[in-house]
Trainee: 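Please read through the structure below; I'll follow up with questions.
Quick note on labels: first sequence line is chain A, next is B, and so on, each numbered from 1.
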Amino acid sequence: MSFAPKILNWYYEHQRNLPWRETRDPYKVWLSEIILQQTRVAQGMPYYLRFVEAFPTVHDLANAPEEQVLKLWQGLGYYSRARNLHTTAKMVVTDFKGEFPKTYKELKSLKGVGDYTASAIASFCFDVPEPVVDGNVYRVLSRYFGVDIPINSTQGIKYFKELAREVMDAENIRDYNQGIMEFGAVQCAPKKPYCLLCPLQESCVALQKNKVDQLPVKLNKTKVRNRYFNYMVLLDDDGNTVLEQRKGKGIWQNLYQFPLIESGKMLQAEELMPLMLKKDAIPETASLSLYNKEPIVHKLSHQHLHTQFWILKTSDILEEGIPWEGIRDFPVPVLIADFIKTLKI
DNA sequence: AATACGGGGGC
DNA sequence: GCCCCAGTATT
């Protein structure tokens, strides 16, 4: 038996019940795919359920304010996904009359929809014979066929896409694509797959050559940048505080935070004082105290954020202030959300 | 061809 | 501490 039937047989036997597999509604499939980019099913599931409930149709999502979309996305990371999600919802409503396009090419033209996601929607919803190549597929193909070309090299990306196309089952593309990903996620796991119990063991090249733990090959180590954040937590006599929205290019775009003073190293109060004067949001008459003596190190893929929270009590009226409890309505990074939790205790 | 972009979970 | 996760956009 060749590769595809083995995958399909395994899938029919072992598939999990996932809500986005019970529909061909491209809106829901698209939503699930965006949520699941670089995200485990277990982590994405509650977000998917909340999004479907809050926005049952693409029109509901398109009509929502971005802030509500970001708030629902809070904690999931890669926030460009949420912004692109909103952009694409509006695009589908205005440019496609509320109906998702059915071709790979048109789907890929949508913001946040790349090669994988376009193939996924086209094959799952419209039976378009396009192979999906996600992290699971790279792993399964590289092991089963014994391919050691780096999966994140230009050559590797092209090679695996072609290989995936050659071995796919075009007649059952929906189940096949779901199946190979499910097989990678459940059976052919990244670490310590249980090959003794694998129905593909007899023809798996990596297993024959005892190279399962060396495949797939991946290049490039991420190098981490250290940054030093001083968050200024303003509190006036009325219990109001101040938030600012992150603009520009970097992390957490369009999310909210306390007024931030970034520095090249950890600062003492005396070093922070002059920098505060440059920040308009901060009143001059305020008492400064450091909340956490040990910096909180918030770790992202490419950055370690060494963070100090400074409490600034002022008798001034904070013009741009919001009630402390009102913070809950704003989308904030996990770093801020965690701090808010600890402060209230 | 590289790099930026989050956060969580497994070992 | 390191790797990986139903990747995409930008440089």
Trainee: When the C1' atoms of C/dA9 and B/dG8 are considered, how many whole Å apart are they?
Mentor: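 It works out to 23 Å between them.
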Trainee: Quote, to the nearest angstrom, the P distance that separates C/dA6 from B/dG10.
Mentor: 13 Å
Trainee: What about the rings of A/F3 and A/Y144, do their centers lie closer together than 6.0 Å?
Mentor: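 Between A/F3 and A/Y144, the centre distance is under 6.0 Å.
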Trainee: Grab the CD1-C1' distance between A/I35 and C/dT8 for me, whole Å please.
Mentor: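 So the two atoms are 16 Å apart, to the nearest Å.
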Trainee: B/dA4, OP1 or OP2 - any side-chain N/O from A/K249 closer than 4.0 Å?
Mentor: no
Trainee: Please tell me whether A/F100 and A/W30 form a close aromatic pair, meaning their ring centres lie under 6.0 Å apart.
Mentor: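 Yes: the rings meet the under 6.0 Å criterion.
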Trainee: Under a 3.5 Å cut-off for both distances, is B/dG6 Watson-Crick or wobble paired, and to whom?
Mentor: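 For B/dG6, the partner nucleotide comes out as none, under the 3.5 Å rule.
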Trainee: With a 6.0 Å cut-off (strictly less than), is the heavy-atom count around OH of A/Y194, excluding the residue itself, greater than 12?
Mentor: no
Trainee: If I take atom CD1 in residue A/I34 and atom C1' in nucleotide C/dG7, what distance separates them, rounded to the nearest angstrom?
Mentor: 9 Å
Trainee: Ignoring hydrogens and angles, state whether a donor on the side chain of A/N152 or A/Y138 is under 3.5 Å from an acceptor on the partner side chain.
Mentor: no
Trainee: In whole angstrom, give the distance that lies between atom CG of A/L107 and atom P of C/dA6.
Mentor: 21 Å
Trainee: Taking only the side-chain heavy atoms of A/Y116 (C-beta and beyond), determine which of C/dG7, C/dC4, C/dA9 contains the nearest atom.
Mentor: C/dG7
Trainee: What's A/W73 touching, base or sugar-phosphate or nothing? Going by heavy atoms closer than 4.0 Å.
Mentor: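 Nothing, no nucleic acid heavy atom in range.
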Trainee: Base, sugar-phosphate, or nothing for A/I151, non-hydrogen atoms under 4.0 angstrom?
Mentor: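 The residue A/I151 makes no contact with any strand.
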Trainee: Which letters describe nucleotides 6-11 of chain B, given B = protein heavy atom under 4.0 Å from base, S = only from sugar-phosphate, - = neither?
Mentor: BBBBB-
Trainee: Tell me what A/V137 touches on the nucleic acid: a base, only sugar-phosphate, or nothing, going by heavy atoms under 4.0 Å.
Mentor: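 Nothing, no nucleic acid heavy atom in range.
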Trainee: So, applying side-chain hydrogen bond (donor to acceptor under 3.5 Å, both in side chains) with A/N254, which one of A/R246, A/R83, A/E66 is it?
Mentor: A/E66
Trainee: Just the rounded figure in Å: distance from P of C/dG7 to NZ of A/K108.
Mentor: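 The distance from NZ of A/K108 to P of C/dG7 comes to 15 Å, rounded to the nearest Å.
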Trainee: What integer distance in Å separates A/Q214:CD from C/dC3:P?
Mentor: 15 Å
Trainee: Could you tell me the separation between the NZ atom of A/K218 and the C1' atom of C/dG7, rounded to a whole number of Å?
Mentor: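 Rounding to the nearest Å, NZ of A/K218 and C1' of C/dG7 are 10 Å apart.
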Trainee: Give the intermediate values and the outcome of side-chain hydrogen bond (donor to acceptor under 3.5 Å, both in side chains) for residues A/R81 and A/N84.
Mentor: CA-CA 5 Å; A/R81 290 185 292 171; A/N84 289 336; over 6 Å; no
Trainee: Whole-Å distance between B/dA2 P and A/L219 CG?
Mentor: 8 Å
Trainee: By the 4.0 Å heavy-atom rule, please label A/T117 as base, sugar-phosphate, or nothing.
Mentor: sugar-phosphate
Trainee: What about A/F339 and A/Y231, are their ring centers closer than 6.0 Å?
Mentor: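 Centroid separation for A/F339 and A/Y231: 6.0 Å or greater.
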Trainee: Just how far, in rounded Å, is C1' of C/dG1 from NE2 of A/H304?
Mentor: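 In whole Å, C/dG1 C1' and A/H304 NE2 are 9 Å from each other.
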